[in-house]
Structures are given as C-alpha cells and as structure tokens.
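Quantities reported herein were computed from a predicted structural model and do not represent experimental measurements. Proteins come first, then strands; the chains are lettered A, B, ... in the order of their sequence lines, and each starts at number 1. Atoms considered below: every heavy atom in the structure, side chains included; atoms not considered: hydrogens, waters and symmetry mates.
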Protein chains: 2
Amino acid sequence: MPVTIKDIAKRTGKSITTVSRALHGYQDVSPETRAMIVRVAEEMGYTPNLLAQRLQKQRTDTLGFILPTFGPRFSDPFFSEFLAGIGNTAGEYGYDLLVSTQPPGEKELEVYRQKVMGRQVDGFVVVRTRCQDPRIQYLRKVQTPFVAFGRTEGDLDYPFVDEDGVAGMKMLVRHLLSLGHQHIAYISPPLEFTFARDRMRGVREALAEANLTLAEDYLAFGDLTQRSGLAQAQKLLSLSKPPTAIIAGNDLMAFGAMSAVQQRGLRVGRDIAIAGFDDIPMAETAHPPLTTVHQPIYKIGRMITDMLIKIVRGEPLETQQVVLQPQLIIRQSCGE
Amino acid sequence: MPVTIKDIAKRTGKSITTVSRALHGYQDVSPETRAMIVRVAEEMGYTPNLLAQRLQKQRTDTLGFILPTFGPRFSDPFFSEFLAGIGNTAGEYGYDLLVSTQPPGEKELEVYRQKVMGRQVDGFVVVRTRCQDPRIQYLRKVQTPFVAFGRTEGDLDYPFVDEDGVAGMKMLVRHLLSLGHQHIAYISPPLEFTFARDRMRGVREALAEANLTLAEDYLAFGDLTQRSGLAQAQKLLSLSKPPTAIIAGNDLMAFGAMSAVQQRGLRVGRDIAIAGFDDIPMAETAHPPLTTVHQPIYKIGRMITDMLIKIVRGEPLETQQVVLQPQLIIRQSCGE
DNA sequence: ATTGACATCCAAAACGTTTTGGATTACAAT
DNA sequence: ATTGTAATCCAAAACGTTTTGGATGTCAAT
C-alpha cells in the first residue's frame, strides 16, 4: 500500500534510477526533472523503505543496547539516565537504537550473537562490564564495533569509557577519615564486576594510607539493590562492635543502608555516617541527602554513543579509552 | 563476508530455493538433502540476514517504543521497570524492540511518522497518554497497530491498559480522612496527562464524600520530578494554615515533599502525612516508607506487549481495553 | 562531417531472502 | 506404451532500494 520509488517513476514517467538519483541530489538530473520528481514524491507522501535501503547499503544505522535486567522488579535509576544519553545521541546522528533486555547468563551472549549474525546492528553499547567479560571477548572475536562502559581485567585494547573508581573511593574514604571515622564498613557489589573491584581497591588503599585495614566482618556483599543494602547494613549494625560509617558500593544500596539505620532509631549523619557511589538524582533529595561520588551518567552515555558512531562510520577516534576523574559530593549523610 | 544462503547452495550443489526450503522444514525436500543442507549450514555458521528476510516478508518483527524523556537528567524509575516488562515479553515472542527517546513536542510526532512510514516497526507501545493525544490520533489515522498505557479523553475505540486512578485516589484520600485529616493538599502532575485528571478527580470526589472541598491554595502543580515535589511542598508548608497531609500525584514528587517536610525539621508520618502514587520500588525503602497506591508497572508492560503482539499477528484480543483496579499500600508516611 | 565534451537519462545488477509455478524423475497402474 | 501420482527439485520473480556502466542527444570545436 505505501508508495514506493517505483510508483513515483510511473507517475512522473521517469525511470527508477532517475527518481532515486533526483531524490538524493545527484548532479546528473536536470533541475526541472528534479523539482518535478521531488514535488510528486511529496504529493504522494513518499518515504523510503528503510529495510530496502539498509539491505542495499549493507548497513543498518542501528545501534544495539542489551540491558542487563536483574529480576522482574528491575528498577535502576542509573539506566534510565544512561538510556536517555545513548538514545538522544543516537537520534541526533540518525541512528536507531535496538534495545533488548536479558539477565546476565548464557542466553545473554546468545542475544548478542543473534543480533550480530542477523546483521541487525552496526555496533553495540556494552554496559556494566565484568572482569572476564564474555560479551567483550565475543565482540572482539567477530570484529563487531562496540564501546564499553567500564573496563575488564587487563584493560585490553578496545574502546571504553570509565570513571576512576579507585580514585573515587579513595576520596570518599579520606573524607570519612578526616571526619574522624576509624571503623568504616563497606558493602561491595558482586566482585565479578570490574567496577566493584576498583571501588573495593579504593577503599582498601585509602584505609592503608591511614594504617588501617578493612576488617573481615566490616566487609559485606550486596547485589546492588536497595533491599540488599538494607539487609547487609542490618548485619553490620548488629555486630558487637558496629561501624561508625558504612560505605555502599552504589547509591541504591546506600539508601537501603540508610533505612536500616533509621529502622534502629539511629540518625544518619549523626549517629552513623552513610555514603554511596554514583550520585543518582535521588541522592540529592534523599533524607538526609547522600554523600556520594558523582558519575556523569548521562554524559557518559553520550560520550560512548559518540565514540561508537565514529567507529562504525570509520572515522578516527582521538582517544579510544577514556577514564574520567570522579568528583566527591559531600552532603549531610556523613555529618557536617 | 557473512555466509548467505547462496553460499550454502553453491557448497551443497543444490539450488537456493531448496536450501531455503530445507532450512524451513518444507516437506518437498528429501530427508537426506535436508540433513546435508542443515549440516553444511551449521558448519559454515549460517544465520539468515534479517533485513533481507523482513524485506521479503513485509514485516519487521519489531515493536517501537518512544520514551518521553524530560530533560537530560532524566531518571524515572517508573520507566526502567516498564521497559523491562516490554523488553522481556517482546524477547520471548521473538520481537525486537526499537527504542527512541524524544521529549514531547512537535518532533515527537515526527519520530512516530518516520518509524511508521519507513516501515521500521510493526506496532507501537504508547506511554503516558495525554487527554488529546496527537500520537494516538496519528496512529489511528494511519492504521498502525498500537497499545497505549493510559487513556485519552473520551476513551475512544482503541486498545489500552490503564489503572483506575480515580478509584486509587479515592482509596487513598479515604484512608487519610479516616486518620482524621481534614486539611489535605494535593500536588498534581500536569493536567495534560489523562492520569493526572483522573487522580485529581479521585481526590475531589473522595473529599466531596466527606463534605470537603479541595481548597485552591491546597492545590499545587508539579512536573513529576522530585525537585518539583520539594518546591511545591515547601510552598504548601509555608502557608499560614499549612495542610496536615500532602498527597503527591506520583511517588517521585512525594519523595520531594518528604524532603521539604524534613528540611523544616518536621517528621513525616507524625507531624504531617505524605502519600504518593505508583508504588515504585523505592517507596518501600524510603524513610519513612511511603504510603501509596500500587501500580503493577512490570505486569502492565507485559500485558501491553502481549496485546500488541496479538494485534500485529492478527490474533483476536479477548479484551481490548483493560482497566486495573488499584491497591492501596499503607506504610508509615501517613502515621500508624 | 567528425570529434569531444557535457548534460541528461536509464536498464540491469545487486543486496539476501521467500514464494510461485512449474520441471524432472521414478514408479505403479492402466 | 501411456497415464497418473508422488517425490524431489529449481528458475525466476518479488520485496524496495542504490549503483554501475553505459546510452542518447546537443552543441561547440575542429
């Protein structure tokens, strides 16, 4: 039913070739013919069939993004902002965004394979890298363009954007030390994630600077959710010698920790310090506002997409590995 | 470079037709030939070129979802959950999800038009409907399948899923009334959204049942963000006769209102009641936990996608308009 | 009158599939 | 020997584009 280039050809009495060339501004079609064809195309409401165009041009103008969802009640404010970043940038450059949702696991890689082999996307945005990341290994192997948010173990030779988690955590821990805290606990995200190792290393190194160590019972592990932050903080608080400060590996778990503190009738920022990492929008308006390390998620989304588009277009990349320096955001959750 | 059906044909000495038919399980190819072709295809690592397949089949197996982003610091936990719902369902049925981000406005409709005319998607998920929704008018006009989350004015004859906002708000207001509140303020989302009108009507009707009205200075308007909830609540609290309860039109604004209360040194749930709407995951772990009206966002995402897929496949729909009954979630933000 | 240059046009191939409408063969029934 | 039937195969068209490699015509210079 929709009007094709063939319809225009018939209507104008010109050939398919000429119509195509007229609409694309080639110089070998006379001004009058072009004007006429353009007018008719407009009148008939022509829009090119992108599938046909892409099949012929052998590129998809589509970027892939596979969202790692953890369980049905998946809600990570982190991702909506990141998605806005890639979505907006892709749109500006005329790229589509193909989104899949997949929990990490075997099937995850299957989805990548399917999109790559089915030639559905020109490249991928890979997010939340793991130390040995099969996705990155695969994409490198099949030589499909991608840009990662985060590094893997060994910092191989592939493009990524990351924030320096070690430095970020060190700033945070030093801040807590400067406030007099000696008993600092840490709730870590699963260590398969590279950023989790970095952040943990930051904690350890900063403590070491003050001749302290991270005691075994002051180290807990959560799964990035608020719920797990709450559970782990409860455990920490019921130690015989509870910490005076709890750092969570991300803001969501920090919120959970705040709840745990408040459930015990303690006041966050007075009785105990809580800090997070990421600086999601809600951190600012939490009660009390959360001290955290800022990560410009939207901007990172934009940068990554910019880089990816340059790569798929074959344009040179000035820097293919970007490590952003973090910024400490001091709010009230660690006291004044 | 990638292996095509033609390569297999050459390698097996069979025709393109036979290869295609063998791989699709047609009955007019001998078992031996089929086995041979399948084996070779496997060996050569064949995967069909989806673009070519779709061009030929004249359908895209792709669903469109245009995410209304408001500003760069866009973060709506609501959407990540909803996205998980549609993403998972689409994936299960073998559909791809094409996501665009676009702030509402003229360009928004342009994106719909482009996807429809470019034959990029089989149908759309439309979210956050407005009273006179140009997207719905357009999609109806061009007869493109879609399912909306939310209604428009007049409840026209199109498929949607919605929660009964009037009933939800009535439950909430009645709850507050039963706790003795007589001075209830309401922070409404922009009234262009249909759900905002419904929720407001719910507030008004429930107050009317108790022979109360919503005083003009107890009605504020926010833009769904936490920040605006905070600002509006501050305004309400500095009235000469401040309300004893503040209802926000969504949870995010309720969180903002909680911050405003706490900034004044008041205690949410004791000195003043705060309630929201949506029951996003964070509502449960907020401090204090937020009384709100539950909306099964993930499930709604799944239902909508289910319906949409049925429609694009031409299967019959048992009910094309679903209105879910809400559930009041009583937590501590309105006192015991 | 040729030649060359230029402007304008187009047929056909190509992208990788699926489907249509037979063609061929073998074998049994007449 | 012909006919019918079933099994197996395939050439060609189609989906809607873009691109290649000319074809044609005009006009000025020789």
Round to a whole Å and report the spacing from [atom1] of [X] to [atom2] of [N].
| X | N | atom1 | atom2 | answer |
| --- | --- | --- | --- | --- |
| B:Gln53 | D:dA14 | CD | P | 21 Å |
| A:Leu51 | C:dC15 | CG | C1' | 13 Å |
| B:Gln120 | D:dT17 | CD | C1' | 14 Å |
| B:Arg54 | D:dT17 | CZ | C1' | 17 Å |
| A:Asp7 | D:dT17 | CG | C1' | 13 Å |
| B:His24 | D:dT8 | NE2 | P | 20 Å |
| B:Lys6 | C:dT17 | NZ | P | 10 Å |
| A:Leu55 | D:dC15 | CG | P | 14 Å |

Would you give the length of the straight line joining atom [atom1] of [X] to atom [atom2] of [Y], rounded to the nearest 0.5 angstrom?
| X | Y | atom1 | atom2 | answer |
| --- | --- | --- | --- | --- |
| B:Leu109 | B:Ile66 | CG | CD1 | 9.0 Å |
| A:Arg39 | A:Arg34 | CZ | CZ | 14.5 Å |
| A:Gln143 | A:Leu139 | CD | CG | 11.5 Å |

Identify the pairs formed between an N or O of the protein and an N or O of nucleotides 10-12 of chain C at a distance under 3.5 Å, and give each distance.
unit_1, atom_1, unit_2, atom_2, d
C:dC10, OP2, A:Ser15, N, 2.9
C:dC10, OP2, A:Ser15, OG, 3.4
C:dC10, OP2, A:Thr18, OG1, 2.8
C:dA11, N7, A:Thr17, OG1, 3.1
C:dA11, N6, A:Thr17, OG1, 2.7
C:dA12, N6, A:Thr17, OG1, 3.3

Under a 4.0 Å heavy-atom cutoff, the residues of residues 29-50 of chain A touching DNA chain C are A:Val29, A:Ser30, A:Thr33
**Message:** What I want to check is whether the side chains of B:Tyr298 and B:Asn88 have a donor and an acceptor closer together than 3.5 Å.
**Reply:** yes
[X] side-chain N/O to [N] phosphate OP1/OP2 under 4.0 Å:
| X | N | answer |
| --- | --- | --- |
| A:Tyr26 | D:dT19 | yes |
| A:Gln58 | C:dG16 | yes |
| B:Gln27 | D:dA7 | no |
| B:Gln56 | C:dT19 | no |

Review point. Between B:Gln320 and B:Asp157, does a side-chain hydrogen bond (donor to acceptor under 3.5 Å, both in side chains) hold up when you go through it step by step?
Key: CA-CA 9 Å; B:Gln320 81 154 5; B:Asp157 178 38; 2.8 Å; yes
Would a line drawn from the ring center of B:Phe124 to the ring center of B:Tyr112 be shorter than 6.0 Å?
-> yes
Discussion item. Check for me whether the distance between the ring centres of B:Phe195 and B:Phe193 falls short of 6.0 Å.
Written reply: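 That pair passes the under 6.0 Å test.
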Taking every heavy atom of B:Ile304 against every heavy atom of B:Ala148, the minimum-distance pair comes out as CD1-O, 3.9 Å
Grab the two heavy atoms, one from B:Arg119 and one from B:Thr60, that are nearest each other, plus how far apart they are.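 Residues B:Arg119 and B:Thr60, closest heavy atoms: O-CG2, 3.2 Å.
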